[in-house]
Number of protein chains: 2
Amino acid sequence: MSIDRRSHTPVYRQLANLIREGIYAGQYVAGAPLPSEVTLSQEYGVGRDAVRQALALLRSEGLVSTERGERSRVRVPPERVSVELPPGGRAVARMPADPERVERDMDEGVPVIEVHHPDGTTEVHPGDKTELIRPA
Amino acid sequence: MSIDRRSHTPVYRQLANLIREGIYAGQYVAGAPLPSEVTLSQEYGVGRDAVRQALALLRSEGLVSTERGERSRVRVPPERVSVELPPGGRAVARMPADPERVERDMDEGVPVIEVHHPDGTTEVHPGDKTELIRPA
DNA sequence: CCGTATTTGTGCGTATGTATT
DNA sequence: TAATACATACGCACAAATACG
């Protein structure tokens, strides 16, 4: 499997697919750093811009995280804490605005869960560390 | 309010904040197109690249949607359909992978809600059109 | 129906800044 | 200190899709 220049699918999306499959297949281990952007661009024969777009796409999916000066890492799914949806309660999922995401110290590509109680109060939980439950 | 070059906050993030506030304030109407990328770059005195990064950020938040050849539009929040979280059921929220998102015909910046039933089956719902409920 | 203009998408190049190693 | 690596920012060119006369 490699990059097809004649495909209508953009190079960066093809590359993202390849890396994503590599993550699913265990070729890229959770918690371990990916090759550097320059290395990836050489290995796959694409421009660095395509690599950066691919990584940005994977970040927006919550699959990898990137910090300045370090190579991107495969994200390790954190433990989930169970939160009960109360009787008469409602819950929705949405993406946080950037300032809110930074404020809550959340990674990119992670949604928030809003739990609305019957009394009108609302709780916001990070989507990657939360599991909504309803007791049997 | 405008772009501060001396700020440590990147230009594209400042611009995203300005546009986001403009959306919240009603300056940019839901469903209506934003100014074109070139127009925005001229109005705010920044490069087109900064504009595109700002719009990409807003897309990842589900605030705007962009289609080729058209100006970006302020997303209109769709109606939500209520889905009951069954007794003994669990639910999590996550971002769909790009192919999955395309397959489900979902906009960028929209999470999915996975409802796991006690019998082991799973339903996947689009996060922008779904509201999880538990009857009182 | 057909060109033309507009607009976004992609790709590449260059330079500089900032953080880590 | 130096090297490496990612982040930001600007520019240009062309492709592809849409909108419009």
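No experiment lies behind these values; they were computed from the predicted model shown. Numbers restart at 1 for each chain; the letters A, B, ... are given by sequence-line order, proteins then strands. Heavy-atom basis, side chains included; hydrogens, waters and symmetry copies ignored.
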Decide side chain to side chain donor-acceptor pair (under 3.5 Å) for D49(A) and Q53(A); before the verdict, give the C-alpha distance in whole Å, the side-chain angles of both, and the deciding distance to 0.1 Å.
CA-CA 6 Å; D49(A) 200 53; Q53(A) 285 188 73; 3.3 Å; yes
Is the CD atom of E43(A) crowded by more than 12 outside heavy atoms at less than 6.0 Å?
yes
Round to a whole Å and report the spacing from CZ of R13(A) to C1' of dG11(C).
15 Å
If hydrophobic clusters are built from ILVMFWY residues whose side chains come within less than 4.5 Å, do L18(B) and I23(B) share one?
yes
Is there a path of hydrophobic side-chain contacts, each under 4.5 Å between heavy atoms, that joins V74(B) and L15(B)?
yes
OG of S41(B) to CZ of R48(B): how many Å apart, nearest 0.5 Å?
8.5 Å
What residues 38-65 of chain B contributes to the DNA chain C interface at heavy-atom separation below 4.0 Å is R48(B), R52(B)
Residues which pass side chain to side chain contact (heavy atoms under 4.5 Å, CB included) with R134(A), listed by chain and number, not counting sequence neighbours:
E84(B), L85(B), P87(B), R134(B), P135(B)
To the nearest Å, give me how far apart CD (Q14(A)) and C1' (dT10(C)) are.
13 Å
Would you mind listing the cluster partners of V102(B)? Hydrophobic ones only (ILVMFWY), side-chain contacts under 4.5 Å, chaining allowed.
none
Separation of dT7(C) atom P from L34(B) atom CG, nearest Å, is 13 Å
Could you list who else is in V29(B)'s hydrophobic cluster, with ILVMFWY side chains joined at under 4.5 Å, directly or through other members?
none
Output for pair (Y12(B) OH, I19(B) CD1), nearest 0.5 Å, gives 13.5 Å
Residues from residues 95-109 of chain B sitting under 4.0 Å of DNA chain C, heavy atoms only?
none
Reckon Y12(B) has a side-chain N or O less than 4.0 Å from the OP1 or OP2 of dA9(D)?
no
E37(B) CD to L55(B) CG distance, which is reported to the nearest 0.5 Å:
6.0 Å
Atom pairs, N/O to N/O, protein against nucleotides 15-21 of chain D, distance under 3.5 Å?
residue, atom, partner, partner atom, Å
dA16(D), O4', R68(B), NH2, 2.9

